[in-house]
Amino acid sequence: MSNAHSLTTVAADGADFHRLAVEVEPETNLLLRLLEPFVIHDVLPSRVACAATSDGLAVEIVFAASADLAQRLHGRLSVMVGVRDAVLSPAARAGGAVASEHRTASHRAA
């Protein structure tokens with residue numbers, strides 16, 4: 001039996017699930033600064049994963065929001081000092097766990 005039927009890309013309120021994969025400099029306050037725009041826009045991430053790499057941090061943030069708001073959050077994170085790269089992609093949610101087409105930040109750092 002396929003799990004495809006249990007995957008959804010839309011939250012209960014109709015917002016889409018998104019994934020922001022962010023690579024940042026190894027600065028202690030950057031994780032907090034990455035989450036600040038979510039607070040400002042009243043978006044509670046459903047998952048935040050952070051892994052140290054050899055030269056920085058790999059952070060994955062999964063959240064439900066409209067496409068316009070997801071683009072706005074991506075834009076804000078992309079221009080932050082210390083952010084090397086930020087990639088926005090769709091994410092799917094299955095049974096309380098988030099499944100995405102890409103490997104999580106913790107797997108990339110391993």
Side-chain angles (χ1 to χ4, degrees):
M1 177 180 234
S2 170
N3 287 338
H5 297 290
S6 63
L7 294 178
T8 179
T9 57
V10 180
D13 64 0
D16 295 326
F17 282 105
H18 305 276
R19 174 184 176 267
L20 263 170
V22 188
E23 301 214 6
V24 300
E25 299 289 330
E27 297 177 23
T28 56
N29 69 347
L30 263 172
L31 186 58
L32 178 62
R33 288 193 298 128
L34 289 177
L35 295 176
E36 184 178 10
F38 291 88
V39 174
I40 291 169
H41 290 284
D42 198 27
V43 174
L44 181 64
S46 57
R47 180 170 190 266
V48 177
C50 179
T53 64
S54 60
D55 64 343
L57 292 175
V59 181
E60 178 185 67
I61 305 168
V62 177
F63 60 98
S66 67
D68 181 54
L69 181 52
Q71 286 294 334
R72 213 170 321 140
L73 289 166
H74 174 249
R76 290 199 59 187
L77 269 62
S78 296
V79 298
M80 281 185 178
V81 173
V83 172
R84 296 177 182 159
D85 190 29
V87 177
L88 178 66
S89 61
R93 187 174 177 98
V98 175
S100 69
E101 297 174 10
H102 305 284
R103 297 167 74 183
T104 64
S106 60
H107 288 160
R108 282 185 297 188

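This one's a predicted model, so the numbers in the text were calculated from it and none came from an experiment.
One distance of note links NE2 of H18 with OG of S46; it measures 11.0 Å at 0.5 Å rounding. Here Q71 contributes atom CD and S66 contributes atom OG; the two are 10.0 Å apart, rounded to the nearest 0.5 Å. Atom NE2 of H41 sits about 10.0 Å away from atom CD of E36, to the nearest 0.5 Å. Distance check: I40 CD1 to R76 CZ gives 4.0 Å after rounding to the nearest 0.5 Å. Distance check: E25 CD to D55 CG gives 8.0 Å after rounding to the nearest 0.5 Å. With rounding to the nearest 0.5 Å, the separation of OG in S78 from CG in L20 is 7.5 Å.
Minimum heavy-atom separation, R33 to P37: O-CD, 3.3 Å. Closest of all the heavy-atom pairs between A15 and A64 is CB-C, 4.0 Å. Minimum interatomic distance between E27 and L57 (heavy atoms only, all atoms of both residues): O-CD1, 4.5 Å. When every heavy atom of H74 is checked against every heavy atom of A86, the shortest pair comes out as NE2-O, 2.9 Å. A pairwise comparison of heavy atoms in V24 and L34 identifies CG1-CD1, 4.0 Å as the closest pair.
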>> Would E23 and V59 count as a side-chain contact (heavy atoms from CB on, under 4.5 Å) here? Give the steps.
In response: CA-CA 6 Å; E23 301 214 6; V59 181; over 6 Å; no
>> Apply side-chain contact (heavy atoms from CB on, under 4.5 Å) to residues L35 and I61 and explain how you reach the verdict.
In response: CA-CA 9 Å; L35 295 176; I61 305 168; 4.1 Å; yes
> Yes or no on side-chain contact (heavy atoms from CB on, under 4.5 Å) for R19 and L88, after CA distance, side-chain angles and deciding distance?
Replying inline: CA-CA 6 Å; R19 174 184 176 267; L88 178 66; over 6 Å; no
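Ring centers of F63 and F17: at least 6.0 Å apart, outside the cut-off.
The 12-atom threshold is exceeded at CG of N29, counting heavy atoms of other residues, nucleotides or ligands nearer than 6.0 Å.
L31 and V43 fall within a single hydrophobic cluster, where Ile, Leu, Val, Met, Phe, Trp and Tyr are joined by side-chain heavy atoms under 4.5 Å apart, directly or via other members.
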